[in-house]
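Got a structure here, written out as structure tokens. Questions coming.
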Amino acid sequence: MKYIAIVTGASSGIGREFAYAIDQSMNGIDEIWIVARRKDRLEELSAQLKHHARIVCGDLSSRNTVNRISQLLNADKYKIRFLVNAAGYGVLGDFEKGDRKEESGMCDLNVRALTEVTHVCLPHMGKNSRIINLASSAAFVPQPAFAVYAASKSYVLSFSRALNSELKDRQIYVTAVCPGPVKTEFFDVAEKHGTRTLSLKKFAMTTPQVVVKEALRDSYAKKEISVPTTVMKLFRVMCKIVPHRIIIALTSGLYK
Ligand SMILES: NC(=O)c1ccc[n+]([C@@H]2O[C@H](COP(=O)([O-])OP(=O)(O)OC[C@H]3O[C@@H](n4cnc5c(N)ncnc54)[C@H](OP(=O)(O)O)[C@@H]3O)[C@@H](O)[C@H]2O)c1
């Protein structure tokens, strides 16, 4: 039996930081599987890890990549101790003016791929294993000019909480991580059409290290939601008490 951790979106940002942190802190795993499209980045990461890394290079929006993960898992006796679903992207801009493929691509990757990867991994998970899903603080309230992304992350948050409850009896714990802005390549993609992120958001910016440290702590503590930084914790409370129509009215138009 081989004990493994799987990290999607491992070629950059938060996913890569999870791979480093799991590599450093986890005893009792034999391999870390790192998944993304950019092979050179995964090779670079693999060379830096002390655990053996298995590179799974592919586009997760395509079912072929998820099928490949499933086949690899079924080819030997694997037990997954940690699954981190970090692959994801968002593109800012008005929905109607946006690129149809890019918009549905967010649903394919952030929603469908995350769901399918989780589904193929679950039969290989047992007592005391963990799933960490990257949602976002965008999950807390609808976001004009980030409509599809925010909706996709609401799905991740809702799905993760329900799954955490379903899996309690099997002692598998699911944590949805809901950061605000994090300094990664995410914004190179999000702002590619020129729509700028709010300067207020940039003020709240944190690092992947902070997000991952708190996420792992919350996951070990069996928390279903991890919200790094005080600013975003306050934002979450605000989204619980202020009617969403008011927050939406206040934020709509700010990106133009
Ligand atoms: N940065 C933020 O402000 C922020 C805030 C809240 C939540 N999040 C969420 O955190 C997660 C990680 O984001 P990040 O900030 O680390 O962004 P990032 O640096 O852009 O990393 C995104 C990762 O996803 C992978 N990826 C993208 N498209 C893919 C595809 N079609 N198939 C397979 N892998 C793909 C990328 O690898 P390749 O390009 O090599 O495929 C990369 O490893 C995302 O789910 C994001 O929505 C980010």
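Remember, predicted model here, so these are calculated numbers, not experimental data. One-based numbering, in listed order, for ligands and for the atoms of each.
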Q: Have a look at ligand 1 and work out which part of L60, if any, has a heavy atom under 4.0 Å from it: side chain, backbone, both or neither.
A: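 Contact part for L60 vs ligand 1: both backbone and side chain.
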Q) By number and element, which atoms of ligand 1 are closer than 4.0 Å to a non-hydrogen atom of S61? A)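 Counting from 1, the qualifying ligand atoms are 31 (N).
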Q. With ring centroids as reference points, do W33 and Y78 lie under 6.0 angstrom apart?
A. yes
Q.
For the 3.5 Å polar cut-off, considering only N or O atoms, please tell me whether A36 and ligand 1 meet it.
A.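 It does not: no N or O of A36 is found under 3.5 Å from an N or O of ligand 1.
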Q: Look at atom 19 (O) of ligand 1 and say which protein heavy atom is nearest, naming residue and atom and giving the distance to 0.1 Å.
A: S12 OG, 2.5 Å
Q: Counting heavy atoms only, name the option from G88, P179, S11, A87 that's nearest to atom 22 (C) of ligand 1.
A: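 Heavy atom nearest to atom 22 (C) of ligand 1 belongs to G88.
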Q: Indicate the ring-plane relationship of F140 and F235, choosing parallel, tilted or perpendicular according to the 30° and 60° boundaries.
A: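 Plane angle between 30° and 60°, so tilted.
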**Q.** Structural part of K153 in contact with ligand 1, heavy atom criterion under 4.0 angstrom
**A.**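 It is the side chain that touches ligand 1; the backbone stays farther off.
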Q. With a 4.0 Å cut-off on heavy atoms, does V189 reach ligand 1?
A.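 No.
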Q | Shortest reach to atom 17 (O) of ligand 1 by a heavy atom, considering only T184, L114, I34 | A | T184
(Q) Quick one, K213 with E17, criterion salt bridge (Lys or Arg N to Asp or Glu O under 4.0 Å). Give me CA distance, side-chain angles, the key distance, then yes/no. (A) CA-CA 9 Å; K213 198 172 169 196; E17 192 55 38; over 6 Å; no
**Q.** Y173-S129 side chain donor-acceptor pair, cut-off 3.5 Å
**A.**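 Their side chains do not contain a donor-acceptor pair, so the 3.5 Å distance test is not met.
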Q) Judged by modelled atom types alone, do N74 and H124 share a side-chain donor-acceptor pair under 3.5 Å? A) yes
Q.
Could you check whether atom NZ of K77 has more than 12 heavy atoms from other residues, nucleotides or ligands sitting under 6.0 Å from it?
A.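 Not more than 12 within 6.0 Å, no.
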Q) Considering only heavy atoms, does A10 approach ligand 1 within less than 4.0 Å through its side chain, its backbone, both, or neither? A)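 The answer is the backbone of A10.
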Q) What's the shortest distance from atom 25 (C) of ligand 1 to any protein heavy atom, and which residue and atom give it? A)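 Closest protein heavy atom to atom 25 (C) of ligand 1: G9 CA, 3.8 Å.
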Q. What do you reckon, does R38 have a nitrogen or oxygen under 3.5 Å from a nitrogen or oxygen of ligand 1?
A. yes
Q. In terms of heavy-atom contacts, does NZ of K233 have more than 12 from other residues, nucleotides or ligands at under 6.0 Å?
A. yes
Q. Between F146 and F95, is the ring centre distance below 6.0 Å?
A.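 Centroid distance F146-F95: not below 6.0 Å, so no.
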Q) Just how far is it from atom CD1 of I6 to atom CD1 of I32, taken to the nearest 0.5 Å? A) 11.5 Å
Q) How far is atom 16 (O) of ligand 1 from its nearest protein heavy atom, and which residue and atom is that? A)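 Closest protein heavy atom to atom 16 (O) of ligand 1: I14 N, 2.7 Å.
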**Q.** Closest approach of any protein heavy atom to atom 7 (C) of ligand 1, naming residue and atom
**A.** A135 O, 3.2 Å
(Q) As a check for students: among G13, A190, A86, identify the option with a heavy atom nearest to atom 13 (O) of ligand 1. (A) A86
Q: For P181, take its heavy atoms, then give the atoms of ligand 1 lying under 4.0 Å from any of them.
A: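 In order of number, 3 (O).
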(Q) Are the side chains of M125 and R81 in contact, using a 4.5 Å heavy-atom criterion? (A) no
Q.
For atom 46 (C) of ligand 1, tell me which residue out of Y89, F18, Y149 has the closest non-hydrogen atom.
A.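 The nearest heavy atom belongs to Y149.
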Q: Could you go through the salt bridge (Lys or Arg N to Asp or Glu O under 4.0 Å) check for R38 and E185 one step at a time?
A: CA-CA 13 Å; R38 285 171 292 176; E185 292 168 23; 3.2 Å; yes
Q.
What verdict does the side-chain contact (heavy atoms from CB on, under 4.5 Å) test give for R130 and N128, after you've listed the backbone C-alpha separation in whole Å, the side-chain angles of each residue and the deciding distance to 0.1 Å?
A. CA-CA 7 Å; R130 300 288 193 277; N128 256 324; 3.5 Å; yes
Q.
Is it the case that ligand 1 has an N or O less than 3.5 angstrom from some N or O of S137?
A.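 S137 vs ligand 1: no N/O contact under 3.5 Å.
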Q. What atoms in ligand 1 come closer than 4.0 Å to a heavy atom of G58?
A. 32 (N), 33 (C)
**Q.** Top protein contact for atom 31 (N) of ligand 1, by heavy-atom distance
**A.** D59 OD1, 2.7 Å
Q) Is the number of heavy atoms from other residues, nucleotides or ligands within 6.0 Å of CZ (R68) greater than 12? A) yes
Q.
At less than 4.0 angstrom from any non-hydrogen atom of F187, what atoms of ligand 1 do you find?
A. 3 (O)
Q: Verify whether one side chain among N133 and T175 offers a donor that lies under 3.5 Å from an acceptor in the other.
A: no
Q: Starting from atom 3 (O) of ligand 1, locate the nearest protein heavy atom and write down its residue, its atom name and how far away it is, to 0.1 Å.
A: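 Here the nearest protein heavy atom works out to V182 N, 2.7 Å.
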Q) For H244, does the NE2 atom have more than 12 heavy-atom neighbours from other residues, nucleotides or ligands under 6.0 Å away? A)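 Result for NE2/H244: enclosed.
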(Q) If the cut-off is 4.0 Å to any non-hydrogen atom of L134, which atoms of ligand 1 fall inside it? (A) 10 (O), 11 (C), 45 (O)
Q. Quick one: does ligand 1 sit under 4.0 Å from the side chain of A113, the backbone, both or neither, non-hydrogen atoms only?
A.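 It is neither; nothing of A113 touches ligand 1.
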Q) Please state which protein non-hydrogen atom is closest to atom 5 (C) of ligand 1 and give its distance, to 0.1 Å? A)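 Here the closest protein heavy atom is G180 O, 3.2 Å.
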Q) How far is atom 39 (O) of ligand 1 from its nearest protein heavy atom, and which residue and atom is that? A) R37 NH2, 3.0 Å
